[in-house]
Asks: 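Below is the structure I would like to discuss, written out as structure tokens.
One-based numbering, in listed order, for ligands and for the atoms of each. Only this structure's heavy atoms are used, side chains among them; waters, hydrogens and symmetry mates stay out.
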Amino acid sequence: MIHADFTARRFGLHTAHTSYWLAADDAGRLLHLYYGPLCRTAPALPPAPHNDPGCWPDRLPQEYPAPGLGDNHAPFFAPEWPDGTVAGDLRFAGAEVTPGKYALPGLPAFRDGDGAETLRLTLRDEAGLTVTLLYGVLPGCGVITRAAIVENTGRAPVTLRGVPSAVVDFAKADVPALDLITFDGDWAAERTPCRAAVRPGVQSVGSVGGIPTHAHNPFAVLCAPDAGEEHGACWGAALVYSGNYRIQAERTVAGVRLSLGIEPFRFAWTLAPGERFTTPEAAFVYSGAGLGGMSRAFHDAIRRHLIPPRWADLAAPRPVLLNSWEACYFDFDEAKLLALAAAAKDAHADLFVLDDGWFKGRDADTTSLGDWVADTRKLPGGVAGLCKKINALGLDFGIWVEPEAVSPDSELYRAHPDWALHIPGRETLAIRNQYVLDFSRDEVRENIWQQLTALLDSCPVRYLKWDMNRSLANVCSAALPAARQGEVYHRYVLGVYDLQQKLTARYPDLLLENCAGGGARFDCGMLYYAPQIWASDNTDALDRQMIQYGTSFCYPPCVMGEHYSTVPNHCTGRTASVEARMAAALTGTFGFELDLTRYTAAEIEALHPFVQFYRDHGALLRSGSYYRLAAPDGKGAVWAIAAADGSEAVVFAAGAPLDGRRQPLPFARPGARYAVQALYTGGADETAHAGEALAAPGLPLPALRGEVPGYIAWLHAQG
Ligand code: GLA
């Protein structure tokens, strides 16, 4: 609910358990007043810092700070005027509250629904800029969203050299100390949480690689130093964006300023009079109930308001798929694929995915990206011929593409070398032997669109994996003049969104999975178009615990691409038990990623109970509340997904915790008695426990031996 006092110019944004307050002071400066537990009474304006009004911009908590006129924080918003100055003086000029949540043209954003509302605040700089701050309130999920629209209302061009999506100033008086948690990593080791106190000065994460990259995720948390999984104050901030970004926390004498938005490096967007620029969206959650509560709020919002509505019914079954990558890499022909598909069918999969290597000449990663027609040496009947045979086995068909990439050795590149991002006079950097197509250009996207639709119209393709295996470099568009090269990174992202939007509109039932060399583009922007993203190329059962644990701080397990793979693991060489590998895969979008033709009939049969487990409990796994029970430490972890009312849950454990210890379950209902069914290869095991005992001292985990043992149990309350 939005509380708007238009006379006092005070605004409160309330969700079920949280409030966010802001107000304009007498001078029209928009000040941040409060973000925390539900508070229906407007807090007082902060006292003017001292008698010299010239210092106030630097000391007052501001809602959309502008540089150059006394605010000496690290700048983010940077409007450059025709006279070469960079400054802003934004004063309150109006407010409007409307039912429903705003949408952003051409950009992903959390969707309307469940009583959402919008607050629009207009700020004006008399020199010729109007900034409209958009606030969306998703009351049921506890999420507040923000975005800004900057309009040139003057008579001369203005160049934006930085434009944050949102800034939140945490006044020192309210929050004396804060920790910052970022999610950092590498290929095959994405999104490991990294927590440290916010020190004086600026700490930031971001990307200049054109996509978020493996290094940092566009999500961060500020929290009280004592905040833990189930207690303490924390504020999560996610950027709904898939390109260059910055998340910046700056501690000054006034407090901590959190800023999120497009990375200002190489960003320059000139607005002619009358033109507007819309920022990507930022989404915030406050939780007084620790990091677990914060994550569960984001999970709810992503499931209910972000992923495509076609996939929002979490009770509806999702296909169990087998993906060909780790089974064959580039080395296959049709006979091998059909044998693999037959084995997938024997394992009770629903869908077969043909990964990389199917298009002409693609026997290695050195060639052919951009030429999206089948290699008839491998597939004599083309993709349609293979699809027909896969369908005849009783399986649906899916396929892999990498639409943004082009190999130097391809017909597309030979015909249109200027379609690849390149800086004239400099060598174009190939990463994984490939260049990046200039998706800022309409004609480039149109060519790829024609190729994709020809592929998807040729046969019933039910699933598409959209990959992007490198970051951007040599960023320069042959279609734009020198003065507008600062637009290319953002226009590239808009181009990707444009094509995914068209794809989901034309093929509403196509299950789209995004991917970027594993999880280099795992963000809320991509989730607007695809309900799932491949989490990592590392499918090792132990390593996946950390990757999925870190990912879960913002993203619900049902959007994490997770597959059961072979041992020794292709990335790590480690051997983990069937149960541990199944635990990692069953938490998210379950599937297989291994050569099942090498498995005996008995070994394949042993997988059936796990597939059945996914079918029986998939709705709970996709829709339930996620609990990080014992954090991964490289040796093991415990986690669970529970129904909101605690009536049932699936508890997963792998590795060291399986030494007979007890695991307290915070969601267990004290008055209930729970049946606990544990699933092992070759059998099941059933015990019963009082809910009170499960809450504390906890569920007795079995003592299991072996390199990486695993445990998967379904608990349900019987009274
Ligand atoms: C990336 C993906 C993999 C696979 C390969 C194919 O690495 O993450 O899953 O699709 O590309 O080249």
Asks: If the threshold is 4.0 Å, N to carboxylate O, is there a salt bridge linking Lys635 and Asp633?
Replies: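 Looking at Asp633 together with Lys635, the answer is no, because their closest N to O distance does not fall below 4.0 Å.
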
Asks: Hey, does the side chain of Thr376 reach the backbone of Pro380 with a donor-acceptor pair shorter than 3.5 angstrom?
Replies: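 No, Thr376 side chain to Pro380 backbone: no donor-acceptor pair under 3.5 Å.
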
Asks: Measuring only between side-chain heavy atoms, which start at C-beta, is Trp311 closer than 4.5 Å to Leu314?
Replies: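 The answer is no, as the side chains (C-beta and beyond) never meet within the 4.5 Å cut-off.
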
Asks: Output the set of protein residues with a heavy-atom contact under 4.0 Å to ligand 1, ordered first by chain identifier and then by residue number.
Replies: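 Heavy-atom contacts below 4.0 Å: Trp325, Asp355, Asp356, Trp400, Arg432, Lys465, Asp467, Asn469, Cys515, Gly517, Gly518, Trp534, Asp537.
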
Asks: Using a strict threshold of under 4.0 Å (side-chain N to carboxylate O), is an ion pair present between Arg506 and Asp457?
Replies: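 Here Asp457 pairs with Arg506 in a salt bridge, since their nearest N and O are under 4.0 Å apart.
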
Asks: Is the centre of the His570 ring less than 6.0 Å from the centre of the Tyr329 ring?
Replies: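 Centroid distance His570-Tyr329: below 6.0 Å, so yes.
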
Asks: Does anything in residues 381-395 pair up under side-chain hydrogen bond (donor to acceptor under 3.5 Å, both in side chains), and if so which pairs, sequence neighbours excluded?
Replies: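 Qualifying pairs: Glu334-Lys389.
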
